[in-house]
Amino acid sequence: MAAAASCSTSTRSTGSVVVAASRNSVTSFQRRGPRASGTDSGCSRLVSIAGTRPSVRNGQLLVSTGLPALDQLLGGGLAVGTVLLIEEDKYNIYSPLLFKYFLAEGIVTGHTLLVASAKEDPADILQELPAPLLDDNCKKECDEDICNHKTESNIKMKIAWRYQLLPKMEARPVSSSRFGHYYDVSKRIPQELIEASKWHGFFLPEKISSTLNLEPCSLNHGYIKLLQFIQNIIYEEGFDGSNPQKKQKNILRIGIQNLGSPLWGDDICWTENCDSNHSLTKFLYMLRGLLRSSLSACIITVPTHLIQNKAIIARVTNLSDTVVGLESFIGSEKETNPLYKDYHGLIHIRQIPQLNNLIYDVSDVKDLAFKLKRKLFTIEWVQDNYLRQERNIYPPGFSYLLKQKDSAWGEGSLQHSTFLMSFLAKGILVSFCVRCSENKEAAVGIQSCHTLAAAFASRLVRHSEPLEQTGSGRIRQAAGPRLWHDGPRQEAPGLLVIPP
Amino acid sequence: MLESLLALGGLVLLRDSVEWEGRSLLKALIKKSALCGEQVHILGCEVSEEEFREGFDSNINSRLVYHDLFRDPLNWSETGETLPGGPLEALRALCRRTDPGPVTIALDSLSWLLLHLPCTTLCQTLHTLSHQDSCHGDSSPGEQVHVLGLLHEELHGPGPLGVLSSLAQTEVTLSGAMGQASAHILYRRPQQRLTHQTQWFSILPDFSLELQGGPPLEPQPYPDPRVPSMDPTTHLTFNLRLSKKEREAKDSLTLPFQFSSEKQQALLCPGLGQATSHIFYEPDAYDDLDQEDPDDDLDV
C-alpha cells in the first residue's frame, strides 16, 4: 500500500495524462493517470494521508518530525507506529523545543494530537507552539536567517553552460501539503490553527487524585491511566482500523513529556534500586504494542541524565525505536572548546529503527551539533565550522551546493583534489543532482573529476570505477539519494578511485 | 540578583552544607518578603519555633504563620495542636489555601521532608505548590507563590539532588572563601537561556541581607571568555583561499571539450523555444513495446 501511495503523494499531476508545456516541468516523461475504471475507496493504493510519505528505502510510511534536518538524519522521517525517544539535555531547555516542533507539525498537516504531561497543562503547551512558515512569508524569513546565499544565475557558466536555461529548483517547501515544514520559534502559532485542530490532553494531576490510597502495583498508576487514555482515543477515533468505512484516515501524534520523572510517580530518577524499576519499561512495551497496531507516531522525552540505574537507561533505549540524545554545553567544559564555539550543544542519533529491513543504518556522522538561533533550530556537522568557507549550512543528505569559490578549480590541480578529498573524507558530499544543485558549475566539475589522489583521503573507502569523461555534459550517472543505503557506504559511484 | 530572588517565583532551592549554613539566608529572605507585605508560611521541621523566631523583631514575627512539625511530628501528645496527617497533610493544606495575594512558603527543611516522605509524592506536591497560581486563572506577578526550600546537600545522593534541581526554578548554592559567604545562583527562565551569577554577601545580626563585593564577579549569562587556543584553520592540507594569481590562472584555464561560444549559443537557442525536452526513441528489433503499466497487475 505504501509503495503505490507514492504516486499520489508526490506531484499533483496524477489527474492529467499529458502535461505538455507546463512551465515548471523539466522532464519529458509524463505520468499516466489512474485507470478509467475509477477509484473506489476499497482501492487502498490511491489513499494517501496528508503529511505522510513512503520511505524511499523500504516503503514504510513516514511522518515528519517537524524539523526537516532531523528528518534527513533519521532516514526520511519518523515511521508511523514507532516511538521517538528524546533524551533530555541537562537543564531541559532544548528538548521541549523538539517536542513542540513535532506537535506543531501535526497541527499544520491536520493530524490529531494527544499531549500528555505531568508538569504543564497540555493547553498551555499548545499555546506555546512555534508558528509555521508558509508560502510567501517563508522565503523572506528563511533568507534573513540562512546566511547569504549568492545566486549564480546571472553569471555565465563556463562548465555547466547547458543548464543555464533551466529554472531554479525551489529549495524551500511552500505549501502545507508538503512533507516537513519550517517554523519560527520566536512567534507563537496562530490561535485559529489550534482551534481548527483536533487534540486531546492528558494532564496527570487532574486525572489522579492525590489523596487516593494507592496500593502497590506492578505498573505505576499514572502510567496505567495514560495507557488507558491512549487506548480509548485510538479505539474511539478509529486509528486502529476499527471503523474502516467511516472517514478519511488520519495519523494520531502522541507526545509525552518528561516520562520517568517523579512527577509521573516514578522512582527511577531517585534511587538506583527501587521497587518500581520496571514500571517505565513495561509502560514503553505496552505503548509500543498500541502504536504498532494503529496509525500513530509518538514522541517521548525522558530525563535520562537523572536516571540513576544505567541498566534502566539501556532498557529504555532498546524499547524505543528511534533515540535522539541532546547534550547541551551549558555548564560543561565543552562550552569553552573552540570547536564548539558556535553551537549550543551536541545532538546524538543513538538509534535508528530496523523496520522491514535486515540491517539498519547507523548514521556515519558522529559529530552533529545544534544551535538555537532566534528563529530556527539548526543541526550541522561540527567539522563544518572550519571547512566551510562561507557560513553555509550543510544538512546531511541534501543534494547540494558546494561553494568552492576560493578553491582552485583547475582541472586536476592538487588543491582541487585535496579540497574535494577533505570534503569527501568527512562524508559531506554524497548525493549530487546537477539539476537540483544551486551551483551547477561545481556540480558538473566534480562529476567530471577523477584524478583524486587517495593519499589525501582520511578514510579509505572502496569505490567503483570513475566516470568516463563524455564531454557532452550529459549526466551518465548521478550519485543518487543513497546516503541511507544498506550497510556501510561501499559503492559511491564514480567519484574516487584507490590506486591498487 | 540575590535580593530579587523572590521576584522570580516558583521553587527556590537553597543548597547549603556544613561549612556554609543556609538558615540565616532563609530567614533573611523571609524577613524581606514579610516586609514587602506578603503572607509568609513556614513549615518548621528541624528547629523549634522559638529558635526560628529568634532574631526577628515583633512586627515581622506577627506576620509569620508557623506550622510546627518539630515538637511533635508524629502527633503522640494528641493535644490537637499539631497538624494531623503529618507533613504531607500540612503541605497539601498549603496547596489548598485560597487566600488571595502573594505568599511565600518556606520549607525548613526540604531535607527533613525528603527523608520522611515518599519522594514522588513530595515532588508532585512541591510542583502543585509552586504552580498554584496557574490554577487560579490569570496570574499577575503579584499573585505568585514563592516556595523557598532549604536543602542540605550533603545528606542526599545525586539522584534526589538532580530531581529537585530539575523541579526548581532557581537554585542557590552556598559556598564561600576566607570567611566570606557566596551564593551561586542558577536561574532558569522559561523559554530562555540559563543565567548564573555568583554573589558575595553577609547576613547582619538582624537578618538583613548585605551584598558585598568580595572577590568580584559580575552577573553574566556566559562563563569567562575562553583562552584563545589553537586556531583550527592552520595546518590544513588544502587551500581555503585563493591568491589573486591563482584566481586568474583558474579563470583563464581552458576546459577540455569546450565548444566555441557560437556553437554553444546554437545549441542553447532551440532550447528557448520549448519548455520541455524531447525524448527521441527508436525501438530496436528486439524491443517489446507494451503500453501497459506492469504495476497495474499488483494487487496492493
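We name chains A, B, ... by the order of the sequence lines, and we start the count at 1 in each one.
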Turns out that what part of K119(A) lies under 4.5 Å from chain B's heavy atoms comes down to both

Residue from L97(A), D267(A), D121(A) scoring the most non-hydrogen pairs under 4.5 Å with chain B is D267(A)

*Let me see the working for L161(B) and L151(B) under side-chain contact (heavy atoms from CB on, under 4.5 Å), right down to the final yes or no.*
CA-CA 9 Å; L161(B) 287 179; L151(B) 190 67; 3.5 Å; yes

Residues at least two apart in sequence or cross-chain that pass side chain to side chain contact (heavy atoms under 4.5 Å, CB included) with T125(B), listed by chain then number, are L88(B), L91(B), R92(B), C95(B)

E128(A) bridged to R188(A) by N-O distance under 4.0 Å:
no

Whatever's closer than 4.5 Å to a heavy atom in chain B on L263(A) counts as both

Applying a strict 4.5 Å limit to non-hydrogen atoms, the region of L186(B) in contact with chain A is side chain

Tell me yes or no: between the side chains of E88(A) and T301(A), is some donor less than 3.5 Å from an acceptor?
yes

Turns out that what part of P118(B) lies under 4.5 Å from chain A's heavy atoms comes down to neither

Under 4.5 Å to a heavy atom of chain A? For L122(B) that would be neither

Minimal heavy-atom distance between P87(B) and W112(B), with the atoms involved, is CG-CZ3, 3.9 Å

Subject >> Donor-acceptor under 3.5 Å (W264(A) side chain, N258(A) main chain) >> reply: yes

Cut-off 4.5 Å, heavy atoms of chain B, and the answer for I268(A) is neither

